[in-house]
Colleague: 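What follows is a single structure, and I will ask about it in a moment.
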Amino acid sequence: MADHQTSDAFVAFERVQKSYDGETLVVKDLNLTMPKGEFLTMLGPSGSGKTTCLMMLAGFETATHGEILLDGKPINNIPPHKRGIGMVFQNYALFPHMTVGENLSFPLEVRGMGKSEREEKIMRGLERVQMGAFANRRPSQLSGGQQQRIALARALVFEPELVLMDEPLGALDKQLRETLQFEITHLAHELGITTVYVTHDQTEALTMSDRVAVFDDGRIQQLAPPDKLYEEPMNSFVAQFIGENNALEGVVKEIKGDLCVVQLDSGEVIDAKPVNVNKVGDRTRVSIRPERVEFNKSRLQEGAHTLKAEVLEFIYMGDIFRTRLRVAGIDDFIVKTRNAPDQERLRPGQQIDIGWLPQDCRALDA
Amino acid sequence: MSDAMANGQQMLTTADGKPLKQALARAQSHAKRRAFLLVLPLLAFILITFVAPIGQMLKRSVHNDGFTMHTDIGSGVETPIMVNLKGWFKANPAGTSPDEPAYAALAADLVELKRLRAPGQAGTRINYELSGSRSLFTKAARKADKLEPPYKQALLDLDEDWGDPALWRVMRDASSAYTSNFYLAAMDRTRDLDGKVIMVNENRQVYVKLFKRTLFLSLLITFLTFVLAYPIAHLLAVLPLRHSNLLMILVLLPFWTSLLVRTTSWMVLLQSQGVVNDTLVGMGILGDENRLQMMYNQLGTVIAMTHILLPFMVLPLYSVMRPINPSYVRAARSLGATSWTAFRRVYFPQTVPGIGAGALLVFILAVGYYITPALVGGADGQLISNLIAFHMQKSLNWSLAAALAALLLGGILILYWLYDRLVGIDNLKLG
């Protein structure tokens, strides 16, 4: 979805490649533009090249090929300390021999700011993350969440226009992570800063970002807003990586416009939406989200193809039911249903027919 | 197993109403006893080989019974000597010039010395503080039986030196086994006739100068090892493990070579017909007649000791640098610091515990170093430990050696205390 013009882009990667050993490319032909004020997340498994991209933007790695532009100017040859980019690290990287206040003072001191102005900015910075009372503590006296708040305050205190975050919440427990996700997005939008956020946690990516770039194998597999990413994955990797996904493999039998017929390897035939298939005879992996699977016949379209399924397991999860089925020869097909008063609770051993709207079932690359 | 027992007993006794602490102590006593037995060998070893010798040494530095007690080597029987003279000293205050009874007491004691065959021992003790007096005693004791009153005249006839007031002052001091004179001597001080502390003759002042030189050279060596070790340790810490292991072996290699071999290799390199000089002359940088004197002086001591003590600086530095996450410096850089500022304000302060540990280690080792200065130091590259060894082995003035060693120990403890006050000993990180 790189539909922004390079001219009004605040951050731009142009044909960037990176290799560490001269033999393999860690980042392969990366093109990415970001408008000012956007919150963009780089999401991907470890080794997918997302952190390398962040480090190249920060200036700790140099691009082997291509150009990185910041506010229209190429920054390949600008050392990190002149880029004016705030950065938050996974291990917080708070200087252990300085107090919290001194940590925040550091970027201001190296910029030659006067004492009174510094103190005012430090206080404001700490207030912003609700840590006003902690200026004289040492980082080691703080909890992980508090340390990350300070790290955030330190990255923002010199008012950078671009902030990079490298898995900042990776070391925190779930509840704290959720609180901080919320706080970080709020702060970023409130201050109007452009943020590049790296994570391997897809929920984090979905809940926080304006757009998510899914990385794999050194390439951006898909760049889209969270809802589009989840509902309309463009390939099997994205479908598999974002959220829970049921995948069935087969061969395309027929394509007619917005609909195609796929014969599964088990012999059954289903309807799907052709996304990543070109011609009849292509192998395909069909992707259906567990909450889009329907077993109540009355809710299915007239004449829709259905599959026979056997209930293997029913898992009660409170707000939802998670049912594991054996479908078309695979036995980890998941159906998620809402815990509503009229919802049927399936029992193991039950034989049912399942179906879905053809547009929810996407035929992707095999 | 003992845990389960402890739990069981604890619950039982609390149910019985017995005090919980008592029950706990009893439950744990078995484990504690076992733990104590495990450390017992080490404890005994330290007591026997470390605490006891140091205690002995400290005692010897203030206690010398050469002039008060004779121990028969064969039977081990102890006989007090110079008792008559001691009696006269007690009766007469310091400064009293020796009269006839004093000489009479001395003559009686000389007879006893001859009987015990101990004049050498008593003379040696006096000789420590007044050189040339040993023969006085041996000569007089030989003729002690033939001495007749008036004893003063008889003794002065034997040797005029018996009238020397300085001799009588020394004998008065030595008549008590406990004395601070060895400490005074170790600080180039002595007592005048009235017992006042004064400096010794300028041409005999050696120890203070040597202490100062030892301190200066040790500080210099510590500084040099720091300057050399810091970059190596940093390199070791940032290299991938595969390469840093090889480099580490090179750093440790000197440890696996005998100290003597390393020192003699330096001699091969540094002597005036040695490798370094030959190379310089061969390359025409140096004239054959201007060969550098790099050995048998302070330079030789500094070069060889810096090399030998280098690993003691590298290892503590390495151990604090290794765990420093590179993201600290990155964070500093991203916050706007130049690489120098990032080093100075973020990286360096985090390595201070290692610097402290390395510096303390190298300094303490250097202060007591003996073999290397002895081999390559020549005359002006000697350290205080070489003099301690001299008094232990050559002059056999063990009390003076002990006093010098005790002063050295005290000095190091003071420096350690200062270090603790300034840097904090809990900031020390050895590995």
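Order of the sequence lines sets the chain letters (A, B, ...), proteins ahead of strands, with each chain counted from 1.
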Colleague: If you compare all heavy atoms of B:A337 against all heavy atoms of A:H81, which two are closest, and at what distance to 0.1 Å?
Modeller: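 Looking at all heavy atoms of both residues, the closest pair is O-CB, 3.1 Å.
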Colleague: Can you tell me how far the CE atom of A:M55 sits from the OG atom of B:S334, to the nearest 0.5 Å?
Modeller: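 OG of B:S334 is found 9.5 Å from CE of A:M55.
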Colleague: Spell out the residues in residues 86-107 of chain A that have some non-hydrogen atom less than 4.5 Å away from a non-hydrogen atom of chain B, in order of number; otherwise answer 'none'.
Modeller: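 Counting heavy atoms that sit under 4.5 Å from chain B, the residues of residues 86-107 of chain A involved are A:M87, A:F89, A:N91, A:A93, A:L94, A:F95, A:P96, A:H97, A:M98, A:F106, A:P107.
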Colleague: When only heavy atoms count and the cut-off is under 4.5 Å, which of residues 214-221 of chain B reach chain A?
Modeller: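 Expected list: none.
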Colleague: Looking at chain A, which one of B:A342, B:A332, B:P326 has the largest number of heavy-atom pairs inside 4.5 Å, strictly under?
Modeller: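 Of B:A342, B:A332, B:P326, B:A332 has the most heavy-atom pairs under 4.5 Å with chain A.
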Colleague: For B:R333 and A:F60, work out which heavy atoms get closest and say how close.
Modeller: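 Heavy atoms of B:R333 and A:F60 come nearest at CB-CE2, 3.8 Å.
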Colleague: Would one find more than 12 heavy atoms of other residues, nucleotides or ligands at under 6.0 Å from atom OH of B:Y370?
Modeller: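 It does not: B:Y370 OH has 12 such atoms or fewer within range.
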Colleague: Which donor-acceptor pairs under 3.5 Å do side chains of residues 349-368 of chain B form with protein atoms, sequence neighbours excluded?
Modeller:
| unit_1 | atom_1 | unit_2 | atom_2 | d |
| --- | --- | --- | --- | --- |
| B:Q350 | NE2 | B:V346 | O | 3.1 |
| B:T351 | OG1 | B:Y230 | OH | 2.8 |
| B:T351 | OG1 | B:F348 | O | 2.7 |

Colleague: Please check: side-chain N/O of A:R111 versus main-chain N/O of B:L335, any donor-acceptor pairing under 3.5 Å?
Modeller: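 Indeed, once roles are kept as given, a pair shorter than 3.5 Å links the two residues.
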Colleague: Quick test of your reading: applying ring-ring contact (aromatic ring centres under 6.0 Å, His included), list the pairs with at least one residue in residues 311-330 of chain B, sequence neighbours left out, ordered by first then second residue.
Modeller: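 Applying ring-ring contact (aromatic ring centres under 6.0 Å, His included) to every pair that reaches into residues 311-330 of chain B, excluding sequence neighbours, yields B:F255-B:F312.
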